[in-house]
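Let me begin by presenting the structure, written as structure tokens, before commenting on it.
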Amino acid sequence: MVSEKMYAWGASPSVIRDLFEYGNKRKAEIGAENVYDFSIGNPSVEPPTKVREVIEELLRDTDGVTLHGYTSGPGDMGVRKSVCDYLNKTYGANLTPNLIYMTCGAAASLTISLRALCEEGDEFLTFAPFFPEYRVFTESVGGRFGAVACDEEFQPDIGELKHKINEHTKGVILNSPNNPSGAVVREERIAELCDLLRECSAKYGHPIVLIADEPYRELVYDDVKVPYLMNYYDDTIICYSYSKSLSLPGERIGYIAVSDKMTSAERVYLAVCGAGRSLGYVCAPSLMQRVIARCQGLTSDVSIYRENRDILTEALRSDGFSVVQPDGAFYLFMKSPEPSAGAFSEKAKEFELLLVPSDSFGVPGYVRISYCVSTDMIRRSLPAFKQLAESYNL
Ligand code: PLP
């Protein structure tokens with residue numbers, strides 16, 4: 001009657017969503033101000049004012065037929081040109097608009113890219129901890145999904161990747177800045193990764209594609225640089241989204257950029273167009289395409305996230321918790337003081353703290369704290385974290 005695979009994904013509980021729902025119930029019971037909800041990654045900082053100004057101008061100055069009509073499948077040519085110009089200017093890339101494909105955000109960018117690349121028997125690897133939807137996206141296009149460990153600082157373990165990579169490996173998904181760890185992969189590690197991918201591509205006789213999932217690219221602190229992967233590895237596809245950089249997650253806008261140096265770049269791009277078509281995306285939202293074309297280079301106020309990170313990291317460390325200070329995104333991955341992250345998350349609920357257990361991110365023994373919340377809530381939550389630490393005698 002239905003696809004068992006789809007049914008299983010629809011029916012399987014999402015730990016994050018369940019915690020979020022629990023939080024809403026609890027807020028109704030004891031008052032929103034008494035619940036410290038760190039469960040979800042919805043940006044808490046307003047989009048730049050220019051975004052609204054551009055929307056208003058577009059509504060005022062553009063006729064509705066043009067503004068709300070279909071664009072071509074890969075996106076409006078003027079929009080693709082402005083994305084391309086920005087990338088070339090900012091990262092020294094050498095892209096043309098015919099390598100840019102506008103999408104409904106990073107989730108669509110990833111699903112389309114995976115579908116474009118995946119043939120029977122192909123495998124895609126990523127590094128744990130990882131965004132849980134990678135498994136769904138990969139398996140939905142018929143690929144096999146696998147994960148490779150990171151070290152204690154959440155940097156990819158290239159030795160383990162070397163061990164796991166095999167003739168079926170078609171691509172490696174790299175997410176930096178990372179959800180859920182907040183880690184930014186350092187340049188030396190990227191160089192090592194790219195050397196290994198070149199070596200294995202030659203060994204197995206086909207390119208192993210680096211799929212860069214970059215919705216948090218601009219959300220970095222203290223002058224940390226996020227290397228632009230096309231400059232390090234030719235067979236790179238960038239999956240980008242404006243969901244986090246411009247605080248527009250509900251508007252569904254992003255793009256895929258296929259490196260001009262990629263093996264058979266034109267064929268890969270056409271496969272991307274075919275994958276988008278086969279998934280029924282038609283085109284990315286027309287109004288939003290035009291908005292982002294005029295907001296290139298803008299970012300929501302990252303200093304708010306940085307302040308949140310600093311307050312939390314300092315307080316959690318002084319409480320006795322073990323945390324690696326994240327360099328980017330708006331997540332903090334904290335070690336659970338007991339082996340079971342689920343049990344720790346349950347314990348935290350007793351203090352009205354909603355922390356996501358790490359198992360669905362592919363590693364045991366941590367919780368994810370989304371600090372894209374108000375700074376006021378963070379300050380008010382600190383006594384609860386202290387009590388939580390005391391309950392473990394930290
Ligand atoms: N990739 C990662 C690592 C994410 O954290 C998210 C969203 O949280 C996505 C992809 C999907 O983002 P989008 O809203 O642009 O589809």
Side-chain angles (χ1 to χ4, degrees), residues 9 14-17 19-20 38-45 47 51 75 83 100-115 124-138 140-141 145 147 150 154 156 171-185 210-220 226 229 237-257 275-276 279 281 284-285 288-289 291-292 295 299-300 305 326-333 356 358 360-363 368-373:
W9 285 328
S14 153
V15 181
I16 300 175
R17 227 178 308 132
L19 202 56
F20 181 65
F38 293 97
S39 66
I40 216 143
N42 224 352
S44 56
V45 173
V51 169
V83 170
I100 307 288
Y101 182 96
M102 302 308 298
T103 66
C104 301
S109 302
L110 285 160
T111 321
I112 292 171
S113 300
L114 289 165
R115 188 164 185 134
F124 293 85
L125 297 174
T126 195
F127 300 96
F130 55 81
F131 181 52
E133 296 303 279
Y134 289 166
R135 183 185 295 281
V136 178
F137 297 161
T138 305
S140 76
V141 301
F145 177 78
C150 282
F154 306 114
V172 172
I173 306 172
L174 186 71
N175 170 222
S176 168
N178 183 266
N179 174 11
S181 71
V184 174
V185 181
L210 184 56
I211 302 168
D213 179 26
E214 302 199 330
Y216 302 97
R217 162 162 283 278
E218 293 81 8
L219 306 193
V220 285
V226 183
L229 294 179
I237 294 182
I238 308 272
C239 293
Y240 184 79
S241 167
Y242 298 89
S243 291
K244 317 285 170 161
S245 60
L246 292 178
S247 304
L248 296 173
E251 301 299 348
R252 314 309 303 141
I253 187 75
Y255 64 78
I256 294 167
L279 287 162
Y281 277 115
M288 280 303 134
Q289 287 192 47
V291 171
I292 62 91
C295 294
T299 307
S300 303
Y305 296 134
D327 284 327
F330 38 50
Y331 307 105
L332 206 147
F333 215 45
V356 181
S358 60
S360 60
F361 301 111
V363 294
R368 186 189 76 173
I369 302 174
S370 292
Y371 58 82
C372 45
V373 294

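Positions are given from 1 along the sequence. Just so it is clear, the model here is predicted, and its values are computed rather than measured. Ligands are counted one by one from 1 in listed order, and the atoms in each one are counted from 1 as well.
- In terms of protein heavy-atom proximity, atom 1 (N) of ligand 1 is nearest to Asp213 OD2, 2.6 Å.
- Using modelled atom types and a 3.5 Å distance limit, the side chains of Ser109 and Thr103 yield a donor-acceptor pair.
- Interface atoms of ligand 1 facing Asn175, defined by a heavy-atom separation under 4.0 Å, are 3 (C).
- Against a heavy-atom cut-off of under 4.0 Å, Arg252 is close to the following atoms of ligand 1: 13 (P), 14 (O), 16 (O).
- In the vicinity of Gly105, heavy-atom distances shorter than 4.0 Å reach the ligand 1 atoms 15 (O), 16 (O).
- Residues Gly328 and Val184 come closest through the heavy atom pair N-CG2, 4.1 Å.
- Atoms of ligand 1 lying under 4.0 Å from any heavy atom of Ser243, numbered from 1 in the order shown and given with element: 13 (P), 14 (O), 15 (O).
- At under 3.5 Å, a nitrogen or oxygen of Ala107, whether backbone or side chain, sits near a nitrogen or oxygen of ligand 1.
- Heavy-atom contacts of Asn179 reach the following atoms of ligand 1: 3 (C), 4 (C), 5 (O) (cutoff under 4.0 Å).
- At a heavy-atom distance under 4.0 Å, atoms from both the backbone and the side chain of Ala106 approach ligand 1.
- What sits closest to atom 6 (C) of ligand 1 on the protein, heavy atoms only, is Phe131 CZ, 3.5 Å.
- Ligand 1 has at least one atom lying under 4.0 Å from a heavy atom of Tyr216.
- Scanning the protein for heavy atoms near atom 15 (O) of ligand 1, the closest one is Ser241 OG, 2.6 Å.
- Under 3.5 Å, the side chains of Tyr242 and Tyr255 contain no donor-acceptor pair of N or O atoms.
- The line from CG of Leu110 to CZ of Phe124 is 11.0 Å long, rounded to the nearest 0.5 Å.
- With hydrogens and angles ignored, the 3.5 Å screen pairs a side-chain donor or acceptor of Gln289 with a backbone N or O of Ala284.
- Residue contacts with ligand 1 leave out Gly41, since none of its heavy atoms falls under 4.0 Å from the ligand.
- The N/O atoms of Tyr331, backbone and side chain alike, include none that comes under 3.5 Å of an N/O atom in ligand 1.
- Heavy-atom proximity to Lys244, at under 4.0 Å, picks out these atoms of ligand 1: 7 (C), 8 (O).
- Proximity of Glu214 to Leu174: side-chain heavy atoms (C-beta onward) are nowhere separated by under 4.5 Å.
- Using a 4.5 Å heavy-atom threshold, the side chains of Phe154 and Asn178 count as separate.
- No donor-acceptor contact under 3.5 angstrom links the side chains of Tyr371 and Ser44, judged on distance only.
- For the residue pair Asp213/Tyr134, the side-chain donor-acceptor check at 3.5 Å is satisfied.
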